[in-house]
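Working notes, beginning with the structure itself.
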Amino acid sequence: MTRLNQISYDNFEDAIRSSGIRLRTGPFTTNLSTKLRDVIHNLYLLYADHTVSIEPGFSDFHLKIHQPSFFRRWYHPQVNFSFDGLTPFNPLPRPQAYAIFEWGLNWCISNYSHQYLMLHSAVLEKNGHAVIFPGAPGAGKSTLCAALSLSEWRLFSDEVALIEPVSNNLVSNPRPISLKNKSIEIIKAFSGEAIIGKTIYDTSKGTIAHMQPPVESVHRSNEKAKPKIIAFPKFIPGAKKSLIPLTKGEAFIKLCENAFNYSTLGLKGFDMMSELIDQCDCYQFEYSDLNDAIDTFNSIVPQKPL
Amino acid sequence: MNLLLRILQKPSISSTYDDQQWDLLIRQARSAGLLAHLYHRFINADVFDSIPQKVKHHLNSEFILSNRQHDAARWEISQIQQALEELGLPIVLLKGAAYLQTGLPSSSGRFFSDIDILVPRTILIDTEQRLERWGWYTTHHDEYDQKYYRKWMHEIPPLQHITRKSTIDVHHNILPLTARLHPDPEKLIASSVQINEEFELYVLCPEDMVLHSATHLFHDGELEHGLRDLVDLDRLLRHFGEDDEYWERLVNRSVELELSRPLYYALHYTSAILKTPVPEAILKSDKLDRPSAPMAFLMDKLLMRALMPAHHSCDDWFTGTARWLLYIRSHYLRMPIHLLIPHLFHKSFIRPYNEWKEARKMDKSQNLSKPKTESKPEIDIFE
């Protein structure tokens with residue numbers, strides 16, 4: 001396994017076009033093959049610091065991004081996502097090829113990883129304190145996540161909190177952050193350091209673009225962390241920032257609504273969720289300004305590593 | 001390279017596996033719907049602890065999922081039982097539901113998508129009405145489908161629960177009325193066994209359970225879950241076969257129910273593919289209805305392919321054709337030609353035409369851009 005940016009683009013392209021590459025993202029290894037140039041190009045940019053291997057070995061998921069049929073290469077071209085030979089979804093228009101890879105990998109994780117309790121949340125860590133940001137679509141979770149990760153917070157995930165049984169630790173799974181519509185410009189304006197991939201228009205979520213995860217987050221992706229804070233973010237234009245404490249009961253119910261597999265885990269899910277709520281301070285967080293938001297979270301984590 | 005079969009025969013050989021072999025095994029087992037089954041096989045063979053962690057994750061994940069499904073199925077069974085309690089007649093659970101409710105080894109890690117029950121034909125309408133009061137409604141709203149099921153099939157159209165989405169198949173026989181073989185459902189019900197004294201819930205007796213599974217796999221099904229169903233048979237035969245007298249009873253019962261051809265296939269293919277310990281004398285028994293030599297040769301060529309995991313690593317040039325030929329065969333066995341041809345004609349032409357007409361009507365009235373006939377979901381992953 002080597003870092004992707006230590007492999008030449010040509011070698012990477014050759015491998016991914018033939019037998020596929022094995023891409024490591026946190027605890028998961030994905031075997032990916034595709035012949036589509038835009039996908040290869042975006043991967044090479046956005047996963048630059050991730051480890052990859054072109055040797056065969058064990059992979060958790062076997063994915064292929066490809067065009068469905070010869071005919072649909074010319075007439076309203078489409079793109080398809082295959083999971084080990086199966087195509088679980090309808091094809092999408094050809095320009096959305098990279099997006100179907102990211103969505104497809106999210107689908108694999110949420111369907112085949114019940115060894116974890118999975119919450120639909122962004123997760124970031126600073127000084128040993130991990131914060132879970134569960135979020136409904138449109139709550140501003142990804143924007144806040146991108147801004148924090150550009151402000152010396154370590155990115156765990158912008159999509160899914162993976163919680164290990166027994167230790168109740170958060171497992172890091174840093175991948176490109178999916179920015180939607182106005183967020184793309186907001187993040188570009190927020191920091192000149194943001195590296196953003198190809199813009200994809202007219203998806204079911206509007207215009208999207210992915211931001212490369214920070215190098216340090218990727219390099220430290222095997223370091224787990226204790227969850228300490230749960231904050232339900234809500235972006236309200238013009239609002240003053242406010243961090244409103246939630247009772248444990250309220251937080252529990254709200255968090256269950258954001259869980260992918262709470263009921264699948266049965267009693268174990270209840271136990272893990274209870275323990276998680278017990279060990280965290282829980283808040284509702286309203287904001288309109290990203291710098292204010294970052295100051296808030298900087299002020300509630302300890303200044304030095306524990 | 002078929003790793004799954006070797007592991008099913010002897011789970012402990014996994015100790016020699018390298019990363020690439022594990023990779024392929026997990027994929028084959030997932031395609032065959034046997035990943036959670038493997039979890040139990042590894043535990044029982046005492047080799048689970050020596051499996052690499054990254055592989056264990058997949059086994060654990062599927063194990064958790066199948067447990068969840070079993071909990072949900074137990075709840076559905078209890079609801080069915082309550083809905084039908086007042087009928088005061090035996091309700092016979094079939095297949096997965098039966099294995100689960102009686103705790104048979106074949107239930108460990110087994111996935112099933114619907115709950116199958118068998119009731120006397122005389123109370124079919126009553127059963128359906130009572131289930132409807134408990135929230136299970138018919139699914140096939142097409143008039144042709146309703147008529148087709150009710151006139152020719154061994155079950156009514158599947159019922160689906162309006163909120164929980166669970167599906168029940170209510171059977172009055174184990175083969176269609178039009179099928180080549182005619183097992184007598186009254187005999188099946190008469191020999192069924194009560195699970196426990198508190199409830200009017202029954203399962204088929206051990207011989208009939210195997211005969212039903214064999215009939216379903218070799219004379220009725222479309223081999224979607226071929227290997228999974230063969231594993232069911234293997235588990236049932238190993239379990240019941242511990243009683244030496246079981247085998248003789250099984251063969252005699254198959255003659256009585258006119259199911260000795262499917263039993264022959266079941267014994268032949270479980271012992272050939274999964275090394276099920278079927279006694280030699282039983283395999284050679286004159287009472288079994290063996291196919292003629294050319295037929296046996298052909299069936300071997302087809303089934304030895306179709307019963308493999310549905311994964312491209314287990315396919316050869318002929319696998320697709322073999323599955324297709326067996327699909328044709330299953331239809332041929334279900335109905336005589338004079339019924340089959342019009343039925344296939346309806347399925348291939350009339351139904352698509354009606355759907356197209358329906359979609360166009362919707363397009364015109366609501367100006368919808370897409371007909372609602374797509375079976376696959378749109379990709380829409382959180383966010």
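Every chain is numbered from 1, with letters handed out A, B, ... down the list of sequences. Side chains included, hydrogens not; waters and symmetry mates left out as well; all remaining heavy atoms used.
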note = Taken to the nearest 0.5 Å, the spacing of B:Leu3 CG from B:Leu25 CG works out to 6.0 Å
request  = Pick one of side chain, backbone, both or neither for B:His57, based on which atoms fall under 4.5 Å of a heavy atom in chain A.
outcome  = both
key: Greatest number of heavy atom pairs closer than 4.5 Å to chain A - which of B:Leu24, B:Leu59, B:Ile64   = B:Ile64
task = Only counting residues at least two apart or in another chain, list the ones meeting salt bridge (Lys or Arg N to Asp or Glu O under 4.0 Å) with A:Lys64.
result = none
key: Pair B:Arg30-B:His58, side-chain donor/acceptor within less than 3.5 Å   = yes
note = If one checks every heavy atom of B:Ile26 against chain A at 4.5 Å, the contacting part turns out to be side chain
note = In short, B:Ala98 meets B:Leu93 closest at the heavy-atom pair CB-O, 3.5 Å
ask   = Cation over ring, A:Lys205 on A:Trp103, under 6.0 Å and within 45°?
value = yes
ask   = Taking atom types as modelled and ignoring hydrogens, do the side chains of A:Ser167 and A:Glu164 form a donor-acceptor contact shorter than 3.5 angstrom?
value = yes
task = Give, as side chain, backbone, both or neither, the part of A:Phe28 having an atom under 4.5 angstrom from any heavy atom of chain B.
result = neither
ask   = In terms of ring plane angle, is the pair A:Phe61 and A:Phe83 parallel, tilted or perpendicular, where the classes change at 30° and 60°?
value = tilted
message = Counting heavy-atom pairs under 4.5 Å with chain A, which one of B:Gln21, B:Glu62, B:Arg68, B:Arg27 comes out on top?
response = B:Arg27
key: Part of A:Asp158 lying under 4.5 Å from any heavy atom of chain B   = neither
note = Whatever's closer than 4.5 Å to a heavy atom in chain B on A:Ser59 counts as both
inquiry  = Just so I understand: if I count every heavy-atom pair under 4.5 Å between each of B:Leu65, B:Asp18, B:Leu35 and chain A, which residue has the most?
reply    = B:Leu65
ask   = Checking heavy atoms, do the side chain of B:Gln69, its backbone, both or neither come under 4.5 Å from chain A?
value = neither
inquiry  = I'd like to know which of A:Pro27, A:Ser113, A:Gly266, A:Gly85 tops the heavy-atom pair count under 4.5 Å against chain B.
reply    = A:Ser113
